[in-house]
Amino acid sequence: TIKTMLDDLGMDEDDDEAVPLPNVNAAILKKVIAWARQHKDDPPPPEDDENREKRTDDIDPWDQDFLKVDQGTLFELILASNYLDIKGLLDVTCKTVANMIK
């Protein structure tokens, strides 16, 4: 997580230093931050339940519109959300790809 990365770098919340994110470019980070701002008040996602049906048709309309991007950008968002450990964004981007394949 980002907190773990900051701890590993010896940084705390009050530092004004730049945080290196070598696997995420600026344009993708801006999109990740926009997604996070939109979803900041969302309840935490439920724990994975292996018996739970995996659905791809439950994407929020805002997310559907937000993810109307080219495939390269969508792939970069998947990589960034995985690297930054943002489960909600990772889930919705992967569902979007699954719907593209259908």
Side-chain angles (χ1 to χ4, degrees):
T1 65
I2 294 174
K3 180 170 179 16
T4 304
M5 184 173 34
L6 293 175
D7 290 344
D8 290 346
L9 292 170
M11 301 175 80
D12 61 29
E13 295 175 11
D14 298 327
D15 285 346
D16 289 335
E17 297 178 46
V19 176
L21 295 174
N23 297 342
V24 182
N25 69 43
I28 295 301
L29 184 58
K30 284 180 184 177
K31 289 199 70 71
V32 169
I33 291 169
W35 184 90
R37 283 189 176 135
Q38 175 67 26
H39 293 278
K40 68 180 171 34
D41 295 324
D42 289 0
E47 293 296 318
D48 278 342
D49 181 3
E50 292 188 23
N51 297 325
R52 188 179 62 148
E53 180 182 343
K54 305 293 184 194
R55 298 183 56 182
T56 62
D57 61 349
D58 59 347
I59 300 173
D60 181 85
W62 187 92
D63 288 333
Q64 289 177 12
D65 189 52
F66 178 78
L67 294 173
K68 287 180 182 172
V69 295
D70 62 86
Q71 288 182 6
T73 301
L74 188 57
F75 181 68
E76 290 292 324
L77 283 168
I78 290 171
L79 292 175
S81 60
N82 185 50
Y83 177 72
L84 297 171
D85 196 25
I86 304 173
K87 184 180 181 336
L89 181 56
L90 182 60
D91 287 348
V92 76
T93 52
C94 288
K95 286 179 181 183
T96 300
V97 171
N99 288 335
M100 293 168 68
I101 294 170
K102 286 184 179 181

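All values below were derived from every heavy atom in this structure, side-chain atoms included, with hydrogens, water molecules and symmetry-related copies excluded. From a predicted model like this one, the values you see are computed outputs, not experimental measurements.
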Completion exercise
NZ of Lys30 to CG of Asn25, rounded to nearest 0.5 Å, is 10.0 Å

Exercise for the section: Enter the distance from Ser81:OG to Ile86:CD1 here, rounded to the nearest 0.5 Å. Expected result: 6.5 Å

Handout entry: Interatomic distance, Leu77 atom CG to Trp35 atom CH2 [nearest 0.5 angstrom]
Key = 11.0 Å

Practice task
Step by step, work out the side chain to side chain contact (heavy atoms under 4.5 Å, CB included) result for Leu89 and His39.
Solution key: CA-CA 9 Å; Leu89 181 56; His39 293 278; over 6 Å; no

Problem - Approximate separation, where rounding is to 0.5 Å, of Leu74 CG and Ile78 CD1 - result: 4.5 Å

Exercise for the section: Flag the pair Asp63 / Thr96 as yes when at least one side-chain heavy-atom distance between them is below 4.5 Å, and no otherwise. Expected result: no

Exercise for the section: Determine whether Phe75 and Ile28 fall in the same hydrophobic cluster, where Ile, Leu, Val, Met, Phe, Trp and Tyr are linked whenever their side-chain heavy atoms lie under 4.5 Å apart. Expected result: no

Exercise for the section: Could you check Glu76 against Lys31 for side chain to side chain contact (heavy atoms under 4.5 Å, CB included), going step by step and ending with a plain yes or no? Expected result: CA-CA 10 Å; Glu76 290 292 324; Lys31 289 199 70 71; over 6 Å; no

Practice task
Mind checking the CZ-CG spacing from Phe66 to Asp60? Nearest 0.5 Å is all I need.
Solution key: 12.0 Å

Exercise for the section: For side chain to side chain contact (heavy atoms under 4.5 Å, CB included), just list the numbers for Gln38 and Trp62, CA-CA rounded to whole Å, side-chain angles, deciding distance to a tenth of an Å, and then say yes or no. Expected result: CA-CA 9 Å; Gln38 175 67 26; Trp62 187 92; 3.4 Å; yes

Practice task
Take Asn23 and Leu79 through the side chain to side chain contact (heavy atoms under 4.5 Å, CB included) test and state the conclusion after the steps.
Solution key: CA-CA 8 Å; Asn23 297 342; Leu79 292 175; over 6 Å; no

Problem - Ion pair check, Lys87 and Asp91, cut-off under 4.0 Å - result: yes

Practice task
Nearest 0.5 Å please: distance from the CE atom of Met100 over to the CG atom of Leu67.
Solution key: 10.5 Å

